[in-house]
Amino acid sequence: MAEEQTATLRVDEAVQLAHALLTRLAEIEGVRILFIKGPSAVLMGARPPRPSSDVDVLCEPGGMEKLGAALERCGWRRRVPESANSHFVHAAKYLFEHSVHYIHDEWPCDLDIHFNFPGFFAPDDVVFEALWERRATAEVAHWPVPCADFPGQAMIVALHALRDPENSHSRDDLARVAEVMQSATREDRATLSALAARTGCSDLLRPLLDDVAAPFTESNWRDPEMHRRWLVRTEDPRLPTASWLIALSHTPWRSRPAAIREALFPRRSLLLGQHIGADPGSLEMARIRMNRWIRGLRHLRRGLATARRSEGRPK
Amino acid sequence: MTGSEDVTWRRAPHLAYVDDSERVVILDLTQPDSGIPRLLSGSAAEVWRLVEQPARLEAIVGALVRKYGVPRSDIEQEVRAFVDHLADLRILAPNEGSGEGDGLRHKHVV
């Protein structure tokens with residue numbers, strides 16, 4: 001008889017079981033979470049089925065610390081983002097970074113713990129409560145998990161797709177949301193509009209709302225400056241270099257030399273934060289650094305132009 | 001715990017699992033800090049599937065005999081030992097009505 005053994009997880013298994021694991025950890029810690037995108041969006045009908053390689057969850061304000069600590073007790077560790085350059089300040093807002101990423105040597109998937117989601121201009125607590133009030137339950141890995149309902153998932157899927165409109169998945173996802181909304185009742189379309197207004201993404205989703213003949217409701221959380229930055233950023237998929245330049249532009253002059261030095265010669269932990277698996281040797285580390293310089297130089301000119309447009313400066 | 005013929009076995013309620021028909025991967029969520037995903041494949045996975053509804057050892061063995069076309073005497077002892085092993089791992093449990101584990105699955109659902 002074939003035996004029971006410790007599993008080497010496949011990606012699809014890891015993604016599904018991670019939903020259950022996060023649900024259980026959040027319950028133990030008394031933290032509210034909502035799964036978004038991925039399997040839960042598929043189950044809510046807001047996205048076409050396709051394999052997922054990571055898990056996205058929206059965490060209630062103030063809950064990240066406890067949930068993160070619980071994950072670390074289970075062997076997960078934070079994946080360090082590029083904007084973790086210690087000399088950057090206030091980078092997250094301008095880089096539309098709204099999540100903390102976790103990785104595990106034995107789980108072939110990332111966990112993205114969001115405290116907000118790019119495109120929602122309302123405060124974190126307003127967004128979370130608006131989605132929490134209408135939460136649904138999906139079964140993933142035969143475990144009930146809390147998730148955003150269809151309108152919530154539809155907004156998030158659409159915002160994600162609009163960030164990278166040239167991506168083939170983005171086009172399919174927007175088409176799916178539009179298709180469902182076009183056959184929805186007038187009341188359901190009004191619900192989507194109201195939710196978009198409440199969470200501060202009405203302006204960004206206006207093209208979709210118009211396309212499905214949903215009424216446009218102006219949001220109290222409009223942010224023309226962030227909207228402009230969003231539009232510029234979505235024009236250019238070469239995000240990392242532009243992101244770094246934007247973060248640098250918001251760094252005090254006296255800190256910029258150190259920031260540049262750190263970018264050219266980043267800490268080992270920053271480089272390894274982007275990689276999964278066993279720590280590389282010195283030769284592999286050299287290769288990682290060289291590839292990073294090559295990517296940065298390749299995208300420098302275009303990244304400069306994008307960064308200048310994002311900051312509202314002439315070319 | 002012994003695989004007594006009088007025991008009806010069921011899946012423990014505190015388990016999340018993925019079954020792609022080739023293999024089953026199970027995660028125990030009672031103590032997530034120490035939870036290790038466990039893999040069942042081949043006939044071990046079949047045992048798991050046979051207790052989707054509570055079942056006695058006799059029924060489990062009988063189903064395996066029919067599926068694999070082997071004499072009962074060839075597998076009965078092995079299946080009993082394996083069921084005991086899964087019980088020790090808290091993957092299977094005696095079906096004694098709703099137990100403490102049932103609350104884990106439904107607690108947060110509102």
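Letters A, B, ... mirror the listed sequences (proteins, then strands); counts begin at 1.
Of all heavy-atom pairs between A:Ala41 and A:Val157, the closest is CB-CG2, 4.1 Å.
Note: A:Trp76 and A:His104 have perpendicular aromatic rings, judged against thresholds of 30 and 60 degrees for the angle between ring planes. Between A:Phe117 and A:His114, the two ring planes are tilted [angle within 30° to 60°].
Residue with the most contacts toward chain A among B:Val18, B:Ile36, B:Leu27: B:Val18 (heavy-atom pairs, distance under 4.5 Å). Counting heavy-atom pairs under 4.5 Å between each of A:Arg10, A:Glu106, A:His19, A:Arg32 and chain B puts A:Arg10 at the top.
Neither the backbone nor the side chain of A:Leu71 has a heavy atom closer than 4.5 Å to any heavy atom of chain B.
Annotation for A:Arg186: atom CZ does not count as buried by contact number, only 12 or fewer foreign heavy atoms lying within 6.0 Å.
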